[in-house]
There are 2 protein chains.
Amino acid sequence: MSLRYALLGLLADRPASGYDLLQRFKGSLANVWPATQSQIYTELSKLADAELIAVSDEGPRGRKEYTLTDTGRADLRHWLTDTKPKRVVRNEVLLRVFFLGVIPPAQAREYLSDIEAGSAEGLAALAEVKAATDWGDDDLSTYGRMALGWGERFYVMNQQWARWAREQLPPVER
Amino acid sequence: MSLRYALLGLLADRPASGYDLLQRFKGSLANVWPATQSQIYTELSKLADAELIAVSDEGPRGRKEYTLTDTGRADLRHWLTDTKPKRVVRNEVLLRVFFLGVIPPAQAREYLSDIEAGSAEGLAALAEVKAATDWGDDDLSTYGRMALGWGERFYVMNQQWARWAREQLPPVER
DNA sequence: TCGTTCATGTAAGACGTTACATGATTGT
DNA sequence: ACAATCATGTAACGTCTTACATGAACGA
């Protein structure tokens, strides 16, 4: 269901083709809701069938530009106001932490260091997104910045946690 | 794939039935990798077919106790050391943030307040888990505490972020 | 005896991933 | 002429959710 609303949400901003949406996904939404090319095209077909979006223009190479319909906008609003998000988040990085006991402490330590390094990378990637995006004062910019702020805090938190977690490890044998 | 290793990981600690695993999931792993009853039983069958686990005991009411085999333990280790976790995390709560522009600011504000309240609840739930668990100095305890520490930091971060995010909202019209 | 907990399983359908397949257009 | 990019679509397979279905054992 969420991918569906991610697409409607992007189309609420402005009309776009599947290809456009794919690009825009990479730059922002991919961080909170990854989707593949095949998934996006399939979902767009379904949305068009359901008349939540409509082809508003056709271009070269079979390009189809979709626009949000009134029904689509209503559905999007309904999702935002009348349904609750699932709070649980699947986190494979953390799942592994539970089982670090089955490998030697030295490797567990390494795993935690990798998380710390990975978080630094993530933070750097966000900085790039931040620099590469042209931020305006439109809604998507305002709320996009908000989401970005979350990402930054998330990675910083991860880094700090990983450092702390290493200190909790059984001391190195010598 | 991850559920599979979640189960192997729990069985690495000690033998258990599907029902046992279901209970243990609720208390801890559900926070990082939710799974339903039907999924767990189905996966256990597959794992037994693949001889990564084996029925080590049968009890009343058709109870089947599974034990990790050597192959299973090797597979678990391999997963931990030779494969990389997927870093991306699907987050519906945050996905919605991107699209708050389609609803009036007052409702957006409410949404952010709900996140703040939800985080407080999450934190409280973790506190309960912390109190209800009997922590030893075994590996699962050590690493379970570590994961719990992550959860606490996560919720605190979310709370702080939500408060900050509210301040970024367009000021209330009057 | 009766409700709760223990205990397992199957099936349909939605959602997600990976891979394959095709071809037009643009820029160098 | 050729490579890169634009552009869309399908198929197979795996995973996850929801719902259904059944019944034994335990404790009050």
Side-chain angles (χ1 to χ4, degrees), chain A residues 1-8 15-27 29-50 52-53 55-66 79 83-92 95, chain B residues 1-8 10-11 15-27 29-50 53-66 79 83-92 95:
Chain A
M1 275 296 87
S2 292
L3 171 62
R4 168 184 191 142
Y5 293 106
L7 294 173
L8 292 181
S17 68
Y19 193 83
D20 292 340
L21 292 166
L22 191 55
Q23 312 304 317
R24 295 179 67 192
F25 241 84
K26 282 181 197 157
L29 293 189
N31 295 295
V32 301
W33 206 271
T36 59
Q37 174 262 345
S38 91
Q39 223 186 332
I40 289 178
Y41 281 106
T42 309
E43 192 63 35
L44 284 172
S45 294
K46 284 190 209 160
L47 289 172
D49 282 352
L52 299 176
I53 63 177
V55 175
S56 52
D57 193 18
E58 309 212 5
R61 283 167 290 204
R63 182 177 200 274
K64 282 189 278 185
E65 195 179 71
Y66 292 101
W79 176 67
T83 68
K84 279 190 185 165
K86 286 198 186 153
R87 281 216 267 116
V88 276
V89 151
R90 284 202 162 79
N91 188 333
E92 190 186 331
L95 174 63
Chain B
M1 276 292 90
S2 292
L3 172 62
R4 169 185 190 144
Y5 293 107
L7 294 172
L8 292 180
L10 286 177
L11 289 173
S17 68
Y19 193 83
D20 291 341
L21 292 168
L22 191 55
Q23 312 303 318
R24 294 179 67 192
F25 242 83
K26 283 181 197 158
L29 292 189
N31 295 295
V32 301
W33 206 271
T36 59
Q37 174 262 348
S38 91
Q39 224 186 331
I40 290 177
Y41 281 106
T42 309
E43 192 63 37
L44 284 172
S45 293
K46 284 191 207 159
L47 288 172
D49 283 350
I53 62 177
V55 175
S56 52
D57 192 20
E58 310 211 5
R61 283 166 289 201
R63 182 178 200 275
K64 282 188 276 185
E65 194 179 71
Y66 292 101
W79 175 69
T83 68
K84 278 189 186 165
K86 287 200 183 149
R87 279 213 269 116
V88 275
V89 152
R90 283 203 162 76
N91 188 333
E92 190 186 330
L95 174 64

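The structure displayed is predicted, hence computed values, not measured ones. Residue numbers begin at 1 in each chain, while the letters A, B, ... track the order of the sequences.
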Base, sugar-phosphate, or nothing for R90(B), non-hydrogen atoms under 4.0 angstrom?
sugar-phosphate
N/O donor-acceptor pair, side chain S38(B) with base dT18(D), under 3.5 angstrom:
yes
Do the charged groups of R63(A) and E65(A) touch, with an N to O distance under 4.0 Å?
yes
Of all heavy-atom pairs between I40(A) and G18(A), which one has the smallest distance, and what is that distance?
CG2-O, 4.3 Å
Would a 4.5 Å heavy-atom cut-off, applied to side chains only, mark V55(B) and Y66(B) as touching?
yes
Please report the distance, rounded to the nearest Å, between CG in L44(B) and P in dG9(C).
9 Å
Using a cut-off of 4.0 Å on non-hydrogen atoms, how would the nucleic acid contact of S17(B) be classed: base, sugar-phosphate, or nothing?
sugar-phosphate
Whole angstrom is fine here: how far is it from CD1 in I40(B) over to P in dT8(C)?
11 Å
Report the distance from atom CZ of R61(B) to atom C1' of dG27(D), rounded to the nearest whole Å.
11 Å
If I take atom CD in residue Q37(B) and atom P in nucleotide dA7(C), what distance separates them, rounded to the nearest angstrom?
13 Å
Separation of D20(B) atom CG from dA7(C) atom P, in whole Å?
6 Å
Atom-pair distance (CG on D57(B); P on dT8(C)), nearest Å
12 Å
Look at the side chain of Q39(B) and the base of dT15(D), then say whether one donor and one acceptor between them are separated by less than 3.5 Å.
no
Comparing M1(B) and Y41(A) on DNA chain D - which has the more 5′ nearest nucleotide:
Y41(A)
Does L3(A) or T42(B) map to a spot on DNA chain C nearer the 5' end, using the closest nucleotide for each?
T42(B)
The side chain of Y19(B) lies closest to which of these nucleotides: dA19(C), dG9(C), dA7(C)?
dA7(C)
Nearest to the side chain of K86(B), heavy atoms from C-beta on, is which of dT18(C), dT8(D), dA7(C)?
dT18(C)
Do side-chain atoms of D20(B) reach the backbone of S17(B) as a donor and acceptor pair under 3.5 angstrom?
yes
